Amino acid sequence: GPRALLSSCSHFCRAVEAPTLPELLCCPGEMTAPLKQCVAWLDAYFHEPAVLKDLPLPAIHHPIFQRESFTRQVLWKLLKVVKLGEVVSYQQLAALAGKPRAARAVGGAMRANPLPILIPCHRVVCSSGAVGNYSSGQTTKEWLLAHEGRLVRKLTCPGGSSVGS
């Protein structure tokens, strides 16, 4: 579930304490191929983000994606459109999901995200440019955005437009 993933991610965030990939894979018989793929993806995200473009995103089979819903539409759009180093506003994401007036509902979809980091809800910010809420706290969201290079430069959305413009 999301808590387990966030727990794993927070373990990765403590770079000094973070195990290396070989340590994590010391017992490969205990890890399925999809789990190995997920560990490799998370390891790359936290230690070598530049290689993510060459890695497949781990398969996502959560029940939230098995039925049509606004939440599913929002999460898929976020996953497919907003790449590493980009952000999108709640309002822009609502428009991408086909309901431009549903910015508040996008916030609900972000809270329902079963796979933070993999489905990058940390990249959804306020139209004003404020960072906005995050399930693991604003400090974590700020760290993730900084890790992706977003807080040191002007917040830029997919297509190059600025948040709030």
Side-chain angles (χ1 to χ4, degrees), residues 1-2 4-26 28 31-62 64-66 71-98 106 109-110 112-126 129 131-132 134-136 139-165:
L5 179 60
L6 284 173
S7 175
S8 297
C9 292
S10 66
H11 185 70
F12 275 95
C13 288
R14 296 189 297 270
V16 175
E17 301 171 26
T20 64
L21 189 57
E23 288 173 28
L24 288 169
L25 298 179
C26 67
M31 292 180 70
T32 63
L35 184 55
K36 287 180 189 176
Q37 184 183 34
C38 187
V39 169
W41 193 94
L42 287 169
D43 185 69
Y45 177 85
F46 287 107
H47 296 110
E48 221 178 335
V51 304
L52 283 178
K53 65 184 181 303
D54 300 322
L55 289 177
L57 188 71
I60 297 173
H61 299 292
H62 191 276
I64 205 166
F65 296 103
Q66 305 307 314
T71 295
R72 173 187 167 178
Q73 180 71 3
V74 166
L75 293 175
W76 274 125
K77 284 293 180 184
L78 175 60
L79 184 63
K80 299 299 182 187
V81 175
V82 187
K83 302 303 178 192
L84 185 78
E86 296 180 335
V87 294
V88 67
S89 72
Y90 293 92
Q91 186 175 6
Q92 289 169 320
L93 189 51
L96 285 169
V106 167
M110 296 304 97
N113 181 2
L115 298 168
I117 310 293
L118 293 177
I119 301 172
C121 55
H122 59 278
R123 295 181 191 151
V124 183
V125 298
C126 300
V131 172
Y134 191 62
S135 59
S136 293
T139 302
T140 301
K141 186 172 185 175
E142 289 172 354
W143 186 93
L144 290 166
L145 291 171
H147 174 66
E148 294 185 10
R150 294 310 325 142
L151 290 183
V152 293
R153 298 187 298 275
K154 191 173 185 178
L155 294 176
T156 304
C157 300
S161 62
S162 296
V163 172
S165 59

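Here the structure is a predicted model, which is why all the values come from computation and not from measurement.
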What heavy-atom pair brings Ala40 and Leu55 nearest, and what distance separates the two atoms?
O-CD1, 4.0 Å
Test side chain to side chain contact (heavy atoms under 4.5 Å, CB included) applied to Ile117 and Leu42, step by step
CA-CA 8 Å; Ile117 310 293; Leu42 287 169; 3.8 Å; yes
Rounded to the nearest 0.5 Å, what separates atom CG in Leu93 from atom CZ in Arg123?
12.5 Å
Do Val81 and Leu96 make a side-chain contact, defined as non-hydrogen atoms from C-beta onward lying under 4.5 Å apart?
yes
Which atom pair, heavy atoms only, marks the closest approach of Pro114 to Leu75?
CD-CD1, 4.0 Å
Between the CG atom in Leu79 and the CD1 atom in Ile60, the distance rounded to the nearest 0.5 Å is 5.0 Å
So do the side chains of Val39 and Met31 get within less than 4.5 Å of each other, counting heavy atoms only?
yes
Could you check Leu144 against Phe46 for side chain to side chain contact (heavy atoms under 4.5 Å, CB included), going step by step and ending with a plain yes or no?
CA-CA 9 Å; Leu144 290 166; Phe46 287 107; 4.2 Å; yes
So CH2 of Trp76 and CD1 of Ile64: to nearest 0.5 Å the spacing works out to 11.5 Å
Determine whether the side chains of Glu142 and His122 contain a donor N or O and an acceptor N or O closer than 3.5 Å.
no
Between Lys141 (side chain) and Ser136 (backbone), is there a donor-acceptor pair under 3.5 Å?
no
Nearest 0.5 Å, what's the CE-CD1 distance between Met110 and Ile119?
8.5 Å
Can you find a heavy atom in the side chain of Val88 that is under 4.5 Å from one in the side chain of Leu78?
yes
Side chains of Leu118 and Leu57, heavy atoms from C-beta outward: is any pair under 4.5 Å?
yes
How many angstroms lie between OG1 in Thr140 and OH in Tyr134, if you round to the nearest 0.5 Å?
7.0 Å
For the residue pair His147 and Pro49, what are the closest heavy atoms and their distance?
NE2-CG, 3.7 Å
Flag side-chain contact, heavy atom, 4.5 Å: Glu148 against Tyr45:
yes
CA sep, side-chain torsions, deciding dist, call: Gln66, His61, side chain to side chain donor-acceptor pair (under 3.5 Å)
CA-CA 8 Å; Gln66 305 307 314; His61 299 292; 5.2 Å; no
Report the distance from atom CG of Asn113 to atom OG of Ser135, rounding to the nearest 0.5 Å.
7.5 Å
